[in-house]
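Reminder, nothing fancy here: chain letters follow the sequence lines and each chain counts from 1.
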There are 2 protein chains.
Amino acid sequence: MAGKKYAEPTGSELEILQVLWDNGPSTVRLVNEEMNRKREVGYTTTLKLMQIMHAKGLLKRNTDSRTHIYEAVPDRESIQRNLLDNFVDNVFSGSAMQMVMQALGNHRPSVEELGRIKSLIEEMEKKQQ
Amino acid sequence: MAGKKYAEPTGSELEILQVLWDNGPSTVRLVNEEMNRKREVGYTTTLKLMQIMHAKGLLKRNTDSRTHIYEAVPDRESIQRNLLDNFVDNVFSGSAMQMVMQALGNHRPSVEELGRIKSLIEEMEKKQQ
DNA sequence: CAACTTCTACGAAAAAAATCGTAGAAAACC
DNA sequence: GGTTTTCTACGATTTTTTTCGTAGAAGTTG
């Protein structure tokens, strides 16, 4: 089941997960380099975080060669779903609708994007009949 | 200007803001009681947090009587907007669309809610012509 | 093979956030 | 008016998260 409960990743942990989701199984060095495109982080800082995440079960790793290869355990969507649920609870008092409406308002989607959402909605309306 | 000049509130700070937005200007005692409906927090913990928030400019207060009355400075929407922007950046790599689509997927809105979103979208489509 | 680089492990410090305890002033109570 | 409760102030501690430094093993290079 994809509904598994992972401890909420911290901010830095999430950054690492993103890199691994984007790049697939990777070395600490690659992850660290990717992180440094956004902000300065020391190599051993990244290493330590990844070790902690491994201990928590957020990452698995292959230690066959000296340079370990790390991989995200949870999939992106399930973490996004958890974070989104909590976010809606904490910031929008649980109202996903209000959040969606505000997101649409802030973001000013293009006509093409609006179309995509409209299709999704029509899809959902059909299913509800 | 409802611009973004407030430091991101921490988790606890946000909880306090929610209480104040919901209840209007309030005493520490009331805020603390509201917080305790969700989880156990000591009175002086809440007090201290509110004092810190006051120092940061997140709250203003009236000290005319011994029992101070605190009030949120930023309005709910502007904080929600900031938090939402950051959330989309951190969790959905900046793609508000993807976030909205997933939120709709998770939440399974009612027909009535779907209608409301559709109206909003049609509204926006018109404006873009 | 000696010098250099790259890697892991891990303790420990630093930074950020949250919690608590105590003191003393004001108010309420009886 | 003495006792008890309620309030603020604030230092200090605890907890969580992030960062860093060092040591030593394993590779690389010339």
Side-chain angles (χ1 to χ4, degrees), chain A residues 6-20 23 25-71 79 82-83 86-87 90-91, chain B residues 6-20 23 25-71 79 82-83 86-87 90-91:
Chain A
Y6 300 99
E8 285 267 305
T10 67
S12 302
E13 288 175 349
L14 182 61
E15 289 184 272
I16 289 172
L17 286 172
Q18 301 278 15
V19 172
L20 291 172
N23 297 84
S26 309
T27 62
V28 174
R29 179 144 309 273
L30 182 136
V31 171
N32 183 246
E33 272 162 11
E34 285 302 310
M35 302 260 286
N36 273 275
R37 298 162 68 91
K38 289 228 155 194
R39 65 187 178 96
E40 206 182 307
V41 204
Y43 176 83
T44 56
T45 301
T46 303
L47 170 66
K48 177 75 170 187
L49 276 171
M50 291 174 74
Q51 285 169 343
I52 291 170
M53 291 170 76
H54 175 252
K56 284 188 193 172
L58 280 170
L59 303 184
K60 61 187 166 189
R61 66 180 178 182
N62 181 320
T63 58
D64 287 352
S65 73
R66 182 169 76 114
T67 305
H68 300 352
I69 308 290
Y70 286 81
E71 188 177 353
I79 293 291
N82 281 345
L83 290 173
N86 288 335
F87 182 76
N90 297 333
V91 180
Chain B
Y6 302 101
E8 285 265 305
T10 67
S12 302
E13 287 176 348
L14 182 61
E15 290 183 272
I16 289 171
L17 286 172
Q18 301 278 15
V19 172
L20 290 173
N23 297 82
S26 308
T27 62
V28 175
R29 179 141 312 271
L30 183 136
V31 171
N32 183 247
E33 273 162 10
E34 286 302 311
M35 302 259 287
N36 274 276
R37 298 162 68 90
K38 289 230 154 194
R39 65 189 177 93
E40 204 182 307
V41 205
Y43 175 85
T44 56
T45 301
T46 303
L47 171 65
K48 177 76 170 187
L49 276 171
M50 291 175 74
Q51 285 168 343
I52 290 170
M53 292 170 76
H54 176 252
K56 283 188 191 171
L58 279 170
L59 302 184
K60 60 187 166 192
R61 67 178 178 184
N62 181 319
T63 58
D64 286 353
S65 74
R66 183 169 76 115
T67 305
H68 300 352
I69 307 291
Y70 287 81
E71 188 177 353
I79 293 290
N82 281 345
L83 291 172
N86 288 335
F87 183 76
N90 297 333
V91 180

Does the side chain of A:Thr45 get closer than 4.0 angstrom to OP1 or OP2 of D:dT18 through an N or O atom? no
Atom CD of A:Glu13 and atom P of D:dT18 are separated, to the nearest Å, by 7 Å
A:Met50 atom CE is separated from C:dC7 atom C1', nearest whole Å, by 13 Å
Donor-acceptor pairs are to be reported for all side-chain atoms of residues 44-53 of chain B against protein atoms at under 3.5 Å, with residues two or more places apart or in another chain.
{"from": "B:Thr46", "atom 1": "OG1", "to": "B:Asn32", "atom 2": "ND2", "distance (Å)": "2.6"}
{"from": "B:Thr46", "atom 1": "OG1", "to": "B:Gly42", "atom 2": "O", "distance (Å)": "3.4"}

In whole angstroms, the gap separating P of D:dC20 from CG of A:Asn36 amounts to 10 Å
Rounded to whole Å, CZ of B:Arg39 lies from C1' of C:dC20 at a distance of 14 Å
Original post:
B:Glu71 side chain to B:Leu20 main-chain N or O, any donor-acceptor pair under 3.5 Å?
Top reply: no
Protein-proximity profile, nucleotides 2-12 of chain D, B/S/- by nucleotide at the 4.0 Å heavy-atom cutoff, equals ----BBBBBB-
Does a nitrogen or oxygen in the side chain of B:Thr10 sit under 4.0 Å from OP1 or OP2 of C:dA16?
no
Rounded to whole Å, NZ of B:Lys56 lies from C1' of C:dA16 at a distance of 9 Å
Between CG of B:Asn32 and P of C:dA18 the distance, given in whole Å, is 15 Å
Do you see a donor-acceptor pair shorter than 3.5 Å between the side chains of B:Glu8 and B:Asn86? yes
When rounded to whole Å, the CG to P distance for the pair A:Leu58 and D:dT17 reads 12 Å
Here the distance between atom P of D:dC20 and atom CE of A:Met35, to the nearest Å, is 11 Å
Determine whether more than 12 heavy atoms belonging to other residues, nucleotides or ligands lie under 6.0 Å from atom NZ of A:Lys60.
no
Any heavy-atom pair between the side chains of B:Pro9 and B:Ile79 that's under 4.5 Å?
yes
Over 60° means perpendicular and under 30° means parallel, so tell me whether A:Tyr70 and A:His54 are parallel, tilted or perpendicular. perpendicular
